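Below: one structure, written as structure tokens.
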Amino acid sequence: MRPAVAAAMWRFGMAEAVAYRASMFVWILATCFPLVSLALWAHLAEEGAIGGYDQEGFVSYFVAAFMIRQMTSAWVCWDLSRHIRLGELDAMLLRPAHPILHYVMSNFAALPMRALMALPLGVGVLLLAGGGAPVSVGDALRTLPTLVFAWGIVFLCQLTVASLAFWFTSATSLYEAWLALHLVLSGYLLPTSLFPERLAEVIRALPFFAALGFPVEVLTGRLSHVAYLEGLGLQCCWVACFGVLASMCWRRGLARYGSVGA
């Protein structure tokens, strides 16, 4: 793949994000539940810390969860499943660039716009809540690789599920079930430290936490260096697992797609 082609696809993704900025803003508002959780848990923490979080800690955690959700989101599941169902994948297969590269660029290029649109809302909540714990430069830098791996987990998981549309007409329904688990087990609705200890240990080994809760805890400075390295290793393992699954589903599904004359 020539750099010029990749750059052109990136520009197309950015242009698409700008064109659909109103829809994107509505989607951002639909993912602001952590800010609602913030009000609840910060109120409960008035009388003392809960699960290691005081009021300031809850503010920092949930604002970070909201922002990181914006920077690690993907929507290839809905795009690819629709293209398969309507036969629009045919034209993409004739292009010189691989279709998956198109989805990578389209999804990844929109993230800066998404984060930029979400930033005023996150800052506004911080101001209304009286501010959270300050984020150090070191923690911010350590968070960057976790965001890349987290986005990889989300994207590859969605690609795996979307590839099931080669066989099923309701692949997106399967991912909606995955999302329901993600909301509870990722640290999106509440920090994992609020779960019973043994249950929390299991949850923290799952891909849901690796895709959201882990970057949030790194950004808010709640992990030791050893825990940080272990978390990165776990993220790499989940990226590899979903990469293998996505590749298998895509190749077998594409063979089936061609065999039926699509």
Side-chain angles (χ1 to χ4, degrees), residues 1 5-6 9-10 13 68-69 71-85 89 92-93 95-111 143-188 201-215 218 227-260 262:
M1 174 57 60
V5 175
M9 297 179 74
W10 173 271
I68 285 176
R69 173 71 187 277
M71 293 184 285
T72 57
S73 294
W75 41 93
V76 62
C77 185
W78 291 271
D79 287 348
L80 177 55
S81 60
R82 185 183 71 253
H83 292 162
I84 294 172
R85 188 176 66 255
L89 185 62
M92 299 181 67
L93 292 170
R95 297 175 182 174
H98 197 286
I100 293 181
L101 181 61
H102 164 80
Y103 294 117
V104 169
M105 288 299 183
S106 176
N107 283 246
F108 197 66
L111 294 182
T143 304
L144 294 178
T146 71
L147 294 179
V148 176
F149 289 126
W151 184 84
I153 293 171
V154 173
F155 180 86
L156 290 171
C157 174
Q158 287 196 18
L159 182 61
T160 301
V161 176
S163 297
L164 297 179
F166 288 117
W167 292 274
F168 307 104
T169 58
S170 57
T172 54
S173 297
L174 296 175
Y175 190 71
E176 287 169 2
W178 173 276
L179 274 180
L181 292 174
H182 176 84
L183 293 177
V184 179
L185 303 178
S186 67
Y188 186 67
E201 290 178 359
V202 175
I203 290 174
R204 294 171 73 87
L206 299 176
F208 310 103
F209 178 78
L212 182 77
F214 173 61
V218 173
Y228 172 71
L229 294 178
E230 291 176 347
L232 281 179
L234 187 62
Q235 281 189 315
C236 290
C237 288
W238 283 118
V239 167
C241 288
F242 282 119
V244 171
L245 284 174
S247 178
M248 291 175 55
C249 291
W250 171 263
R251 292 177 183 275
R252 294 184 181 183
L254 200 60
R256 183 180 186 278
Y257 186 74
S259 68
V260 297

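Side chains included, hydrogens not; waters and symmetry mates left out as well; all remaining heavy atoms used. A quick note: this is a predicted structure, and the numbers were derived from the prediction, not measured.
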Exercise for the section: Give, for atom OG of S73 and atom CZ of F108, the distance between the pair rounded to the nearest 0.5 Å. Expected result: 12.5 Å
Practice task
Determine whether L185 and F209 make a side-chain contact, defined as any pair of heavy atoms from C-beta on separated by less than 4.5 Å.
Solution key: no
Exercise for the section: Evaluate the side-chain proximity of I153 to T72: yes if any heavy-atom separation is below 4.5 Å, no if none is. Expected result: no
Practice task
Measure across L156 and V239 and return the closest heavy-atom pair with its distance rounded to 0.1 Å.
Solution key: CD1-O, 3.5 Å
Completion exercise
Minimal heavy-atom distance between L147 and P215, with the atoms involved, is CD2-CB, 4.2 Å
Practice task
Check whether any side-chain heavy atom of F208 sits under 4.5 Å from a side-chain heavy atom of I203, and report yes or no.
Solution key: no
Handout entry: Pairs involving residues 173-186, ordered by first then second residue, that meet side-chain hydrogen bond (donor to acceptor under 3.5 Å, both in side chains) (sequence neighbours left out)
Key = Q158-Y175
Problem - Non-hydrogen atoms of A211 and A150 that approach each other most closely - result: O-CB, 3.4 Å
Problem - Straight-line distance of Y103 OH to H98 NE2, nearest 0.5 Å - result: 10.5 Å
Fill in the blank from the handout: Between the NE2 atom in H102 and the CE atom in M92, the distance rounded to the nearest 0.5 Å is 4.0 Å
Handout entry: Nearest heavy atoms of P207 and F242, plus distance in Å
Key = CB-CE1, 3.8 Å
Problem - Chi angles and distances behind the side chain to side chain contact (heavy atoms under 4.5 Å, CB included) call for L89, L254 - result: CA-CA 10 Å; L89 185 62; L254 200 60; 4.3 Å; yes
Handout entry: Distance in Å, I84 CD1 paired with R82 CZ, rounded so as to fall on 0.5 Å steps
Key = 11.0 Å
Exercise for the section: Sort and list the pairs that fulfil side-chain hydrogen bond (donor to acceptor under 3.5 Å, both in side chains) and have at least one residue in residues 233-255, not counting sequence neighbours. Expected result: S247-R251
Fill in the blank from the handout: Paired with L80, the side-chain contact (heavy atoms from CB on, under 4.5 Å) test is passed by just one of T172, V161, I100, L159, namely L159
Handout entry: Contacts of type ring-ring contact (aromatic ring centres under 6.0 Å, His included), residue F155, not counting sequence neighbours
Key = W151
Exercise for the section: Indicate the atoms forming the closest heavy-atom contact of V218 with T146, along with that distance. Expected result: CG2-CG2, 4.3 Å
Fill in the blank from the handout: In terms of heavy-atom contacts, P99 and L93 come closest through CG-CD2, 3.7 Å
Practice task
Using a 4.5 Å cut-off on heavy atoms from C-beta on, say whether the side chain of Y228 contacts that of P145.
Solution key: yes
